[in-house]
Amino acid sequence: MTISQEIANLTEDSGQDLPEENVQIGSIQGTVVGLRYYTGTVNRGEMVSLVREPQNPYDRNAVMVANVYGRQVGHIKKELAAPMAYIMDNNLARVEGVVPYGETNKFSMPVNLTFWSKEENRDAVHNQMRRHGFKLGTEFKGSLIWYSTKTSLGRDLLIFVTSYQLKNAFDKLFDDLMEDKTREMEPAEAVCTALLPHQKQALSWMTSRENSNDLPPFWEEKSGLYFNVLTNFAVKERPEKVLGGILADDMGLGKTLTTIALIVSNFHNGKPLPLEQITMCCRTLTHTIVILFICVDHEESCEPVSSSHLKRLHADGVSADTIEEDAPQKKGWLLFCVLMQCTLLFESLGLARFFFFFFFKEVSYAQNTIKTVVLKNIIDQFEQHIRADVTLKVYLYYGAERKRSVKLLSEQDVVLTTYNVLSSDFGNKANSPLHKVNWLRVVLDEGHVVRNPNALQSKAVLELQSERRWILSGTPIQNSLKDLYMLMSFLKLKPFDVKEWWSRIIQRPVTMGDRVGLKNLQVLVKGITLRRTKNSKVAGRMLVQLPERRVFVQHVTLSEEEREEYEQVRKEGRKIIGRYFEEGTIMTNYADVLAILVRLRQYCCHPGLVAKYTGADDPGTPNELREHLINKITLVLNSGSDEECAICLDSLRQPVITYCAHVYCRPCICEVIRSEKQARCPLCRAQIKTRELVEYPGEEMQAGAATGENWRSSSKVDALMSNLLKLRQEDPTVKSLVVSQFTRFMDLIEVPLREYGFSFTRLDGTMAQKTRAKAIQDFQDSSPGNPTIMLLSLKAGGVGINLTAASHVFMMDPAWNPAAEDQCVDRCHRLGQSRDVVITKFIVKDSVEENMVKIQKKKQELVEKAFGVKKPMDLKQARMEEIRALMEI
DNA sequence: ACCGCCGGGTGCC
DNA sequence: ACCGCCGGGTGCC
C-alpha cells in the first residue's frame, strides 16, 4: 500500500463506481421511443446515457434516454424498461447505450444496450431479462468502440498494446500535435521581474487561451453544426468557451510568476489590469474583476498528511493518541514541526537518547498556521514581482476575522484563500461570499490536490462562478486518471465534466488499453495543457540548462588549543542542559539551549566570535528570568545564526520573542494566537498574547570581534585561506562566494583576505540597498581590479540576487535549514552561470557541526517519510506512472 | 407511423 | 351486426 493509495482509499468511493472493474456481461438491442417530444438529438454511433425515472407518473419503471449534453432524447420502450429498471435500481449492472443507426427517425430509434457489472451479477441480470422475455447476447462489442460505426463490428479494436507500443504511438502523436507554444509575450509594465523565455511563452499561451474566441478544443463548425472531432458528437448550439487550462510546468519553472504576469497583463480585451500608480489613476471597473487564487501547501509537500503518517511518526516513539482523526492533515504537520524542533535540539547536543523524551499532550493548536505561511509566500511573490510604484489590491481571505463581504471581495484585484476556507464557507450553506462573486479568473494553485470529486472542497471549487479557470500543478495526475476528471470538471470542458462521459470516452478505454482511448486522452490533455520540464527544449535548447553543481565537504580538525576551549564550553553546556532535563524545564529554557548551541557553533568557526558568556545565573524573579532569556535569544539572533521558526520550519521572518522566550515568525505566531481561544506557545504551552510578543530589534553591528592587533586565525579560517590561495594560483579570474551565518565571522575573515592581497566585497543584511547593489555590481564585473571574493551572509538579500560571476562557494558553517544553503548557492548557480559550480562546505570534526549535518539528513528523511516523496510503487501505481510519463505530466 | 391500435361506421354480390 | 371489414384518428413513459 502506498501512501497515496491509502489516501485514495480513504477518500474515494469504491466498487460500483469504478467501471473499469466491471466487465461486459451482455448486450441487447432496444428501442428509444417518444423522440418527437424531446429536443435531444443523437448522431450515428453516438453514445447515450440511460437514466432511471422512478417518479414518472405513467410508469415507475421508466428509463429516460439522454444524449451527451444531457438533453432528453426519449424513453426506453416500457416492456424493456421494466427489467432494466430492476437491474439498475438494484445496482446489478450499469447499462450503457449507443445508437447504431436510425438517428434521423422521427418517432423511435434503436439503441444498443450494453450491460456492465461484476462477474458475480451476471446470472442475476440474465435471469431478470429472461423473465421479461429478453435474451442478452454478445453481438455488440459495446460502447468501448462507440467512436466509429465503421469499425464498431470489428474486434480488432480491443487490442491490448504493450507499454512500448503505447509509448511509440504516443511519441508520434505528440509530434503531430505539437502546436506552436513557442510564441513569446512581454508582460505588462507593472511586472518588474524579467521573465525568462519559457515564461514569456507560457504567458503568451495563457493569454491566448483566455482571449481566444475560437471554439473550445476539439470542436469544429461544419455546415451550421458544431462538431466534436474527438467524440463525433455534433450540436446545434455553439459550445461554451473554455477559457483557461492547465499550466503543468515542472516545479521551479515559475508557474506563480507566470500567473502573476497573466493577472496583471491580461485584464479585459487583452489589456493590462489598470493599476493604481503612485500618481493615482482612476480605476474604472466594468464588472467584477477579482481573481481568486487558491493555494495549498507548498509545492514540495503536495501530499496531504494522512493518519497513516501519524502512525509512522508514532513508530518513532511519539504518542499520537491525542490527535483527532478529523484533522489529521493539520495536526500531522504540526506534530511534524514540533518533532523536528525537538530532534534538532537534542541531537545537536549529543543527547539523542532524550529524543522524543517528552511530548505535548495537546497538539490541537496552530491548526491553520501552515496555510498562512504558504499564503504569505504567495503575497511575497506578488510584492517581489510587481513594481513597487503600482498597487495591486490583494486580499487574504483567511483566518477567523476574514471579512465575509461580497462587496469587499469584489473590489479586490486578487483574493487569496485556501481550499479549507473555501469549503468551510461552502459548507455553511448560503453564506459563502466567494460563491457570490462572479470572478474574472479562478486559479487553483497546486490544483491536483482537488481530486476527489465527492469531497466537499471539490464541490466548493466546482461551484465557483468564473469566466476563466486555471489549474497550476506540476503533477496534474497524482494517483489515477480520475484525478484528471476532476480537472476537466473544473474547466467545464464538455462533455468530460460529466462523470459518465469521462468514464466511457476516456477512463475505461484507457484503462482497458485501448489505443484510440489513449489517443483521445492525449489530444484532450495536449489541447489544454502547457507542460515543460526542466529538460524540455525550446528551439533545440534546454529550457533551463545549468552547469554542474558539485558539493565537497572538507573536514576541519581543530587545533589542540581550540579543541580544549571547545570541550570546556561543551561540558558546561551539557551540564546546564542536563539540569534542565532533570527539572523538566528544557522547553522553558529554550533560549538558553539555543545560546549554548550558538556558542558551540561559533567556537567551530573562530573563538573570537564568541561573546563573553554570562553563565547560567540563578534566576531571580520570573520577570528577571524572562528578561535574561530574551537578552540571550536576541544575542543568538544578532549573531546572524539562521534559526528556524518552529511553526513554518523555515528561516525566521520578522522574528518575535514570546514571553516564554521562544522565537517565531511574527505572522506564524500571530496566526496561532488568532486561531485559538486560549492561545498557548507551541513549544512550551505557556499562555501567550499578541501584545506580549517582543520584536527582535534587528541586526545590529556587534561591538568588536577582535579584528585588530589581537587577531588570530582559526583552523577553519586557515582551511579557507589555503583553498582561496590555491584557486588564485590556478586561475586568478575565478571568483568565490564565502558564506557564513555569522556576520562577525565575516569581519574576522576580512583580515587575512586583506593580508594576502585579495580584492573582495561584502554583502550582508545590514547594508543599505544602495551599497548592496554596488557590491553586487562590482562583484559581477569581470574586468581586472574588481573583487574576486564576496563575503556573503547566508540570508542576505532576496531570492533575486544574481551572483553568477562566482563559480566557487565556500560554506563556512552549516545551517539548520538545508534549503537556506541551497538558496544561497542558487544565487550563483542559476541562469547565466557558465562554469561548473563547486561548493565546499567546511565541517569541524567531532563537533556540533557534524551533528548538524546528520540532522540535515535526518530531516530530509523525515520529510520524505512524512510526505511520501519516495514511495515504493506497486503495479497499479507503476501503470499510473507509465501513463503519467507518457502524457508527460 | 409506408406501422399497430382504437373505436365508429357500416354491412350480400 | 353479441360479428368482420373498412378507413380515419392517432401515437412515449
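Heavy-atom basis, side chains included; hydrogens, waters and symmetry copies ignored. Naming: A, B, ... by sequence-line order, numbering from 1 per chain.
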(request) Decide yes or no, distance alone: a donor-acceptor N/O pair under 3.5 angstrom between the base of C:dC12 and the side-chain of A:Tyr58. (result) no

(request) Using the C1' atoms only, state how far B:dA1 lies from B:dC6, rounded to an integer number of Å. (result) 15 Å

(request) Go ahead and name the base partner of C:dG11; Watson-Crick or wobble counts if both distances stay under 3.5 Å, otherwise write none. (result) B:dC3

(message) Below 30° counts as parallel, above 60° as perpendicular, anything between as tilted: where do the rings of A:Tyr38 and A:His75 land?
(response) perpendicular

(message) For C:dC13, does the base pair up with any side-chain atom of A:Asp59 as donor and acceptor (N or O, under 3.5 Å, distance only)?
(response) no

(request) Using the C1' atom on both, measure B:dC2 against C:dC13 and round to a whole Å. (result) 25 Å

(message) For C:dG11, is there a stacking contact with A:Phe107, counting only centres under 5.5 Å and planes under 30°?
(response) no

(request) Please work out if A:Lys106 contacts a base, only the sugar-phosphate, or nothing of the nucleic acid, heavy-atom cut-off 4.0 Å. (result) nothing

(request) Using whole Å, report how far CE of A:Met109 lies from C1' of C:dG11. (result) 17 Å

(message) Do A:Met88 and A:Val95 make a side-chain contact, defined as non-hydrogen atoms from C-beta onward lying under 4.5 Å apart?
(response) yes

(request) Measure from the side chain of A:Tyr37, starting at C-beta and using heavy atoms only, and say which of B:dA1, C:dG11, C:dC13 lies closest. (result) C:dG11

(message) Please give the distance between the P atoms of C:dC5 and C:dG9 as a whole number of Å.
(response) 22 Å

(request) Indicate whether any N or O donor in one side chain lies under 3.5 Å from an N or O acceptor in the other, for A:Trp116 and A:Gln24. (result) no

(request) Please find out if less than 6.0 Å separates the ring center of A:Trp470 from that of A:Trp205. (result) yes

